[in-house]
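Chain letters run A, B, ... following the sequence lines, proteins first, then strands; residues in each count from 1.
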Amino acid sequence: MSFFAKKVYRVVLGIPMGEVRTYKWVAKKTGRPKASRAVANILKKNPLPLIIPCHRVIRKDGSAGGYLWGKKFKKRLLELEKTLSEQIF
DNA sequence: ATCATGACTAATG
DNA sequence: CCATTAGCCATGA
């Protein structure tokens, strides 16, 4: 576990349910504004797929981006979280 | 140190 | 939607 990776996970863990952030946004929070690609690398290797909400990190252009279990599942999960968070809060 | 990889970004076609 | 080009950077071999 590198220092950079820990910061990435910590930042991603802080993304609220029903909301999304971009790889670039996460990169900037880690202090490396141009390391969006490196952020993607870290998330791909993330040790806790179900705990770390890496599905809330999407592309700058709005598309889902990649996902361990497929981008289409990623989109559905995001919509589910959005509707659920609206009902709960 | 060097090299390849990739869940990126931006621009272009 | 797809493909290419160039820039970018942590990671692992």
Practice task
Please report the shortest heavy-atom distance between A:G18 and A:S85, naming the atom on each side.
Solution key: CA-OG, 3.8 Å
Practice task
Assess whether atom NZ of A:K71 is packed by more than 12 heavy atoms of other residues, nucleotides or ligands within 6.0 Å.
Solution key: no
Handout entry: Within-4.5 Å side-chain heavy-atom neighbours: A:N46 and A:V12
Key = no
Problem - Matching residue for A:E81 among A:R56, A:R76, A:E19 - test: side chain to side chain contact (heavy atoms under 4.5 Å, CB included) - result: A:R56
Practice task
Spell out, as yes or no, whether a donor-acceptor pair under 3.5 Å connects the side chain of A:K74 to the backbone of A:G66.
Solution key: yes
Practice task
Using the six-membered ring wherever Trp is involved, compare the ring planes of A:Y67 and A:F73 and label them parallel, tilted or perpendicular (cut-offs 30° and 60°).
Solution key: parallel
Completion exercise
Within residues 15-25 of chain A, the residues having a heavy atom closer than 4.0 Å to DNA chain C are none
Handout entry: Least distance between heavy atoms, A:C54 atom then A:L43 atom
Key = CB-CD2, 4.1 Å
Problem - A:I42 side chain near A:Y9 side chain, heavy-atom distance below 4.5 Å - result: yes
Practice task
State plainly whether the residues A:K82 and A:E86 are in salt-bridge range, i.e. N to O under 4.0 Å.
Solution key: yes
Practice task
State, with a plain yes or no, whether a side-chain heavy atom of A:R21 is found less than 4.5 Å away from one of A:K29.
Solution key: no
Problem - Where chain A begins and ends its contact with DNA chain B, read 5' to 3' at 4.0 Å from heavy atoms - result: B:dG6 to B:dA10
Practice task
Classify the nucleic acid contact of A:K34 as base, sugar-phosphate or nothing, counting any heavy atom under 4.0 Å across all strands shown.
Solution key: sugar-phosphate
Between the protein and nucleotides 10-12 of chain C, which nitrogen or oxygen pairs come in under 3.5 angstrom?
| residue | atom | partner | partner atom | Å |
| --- | --- | --- | --- | --- |
| C:dA10 | OP1 | A:R32 | NH1 | 3.0 |
| C:dT11 | OP1 | A:S2 | OG | 2.0 |
| C:dT11 | OP2 | A:S2 | OG | 3.3 |
| C:dT11 | O3' | A:K45 | NZ | 3.3 |

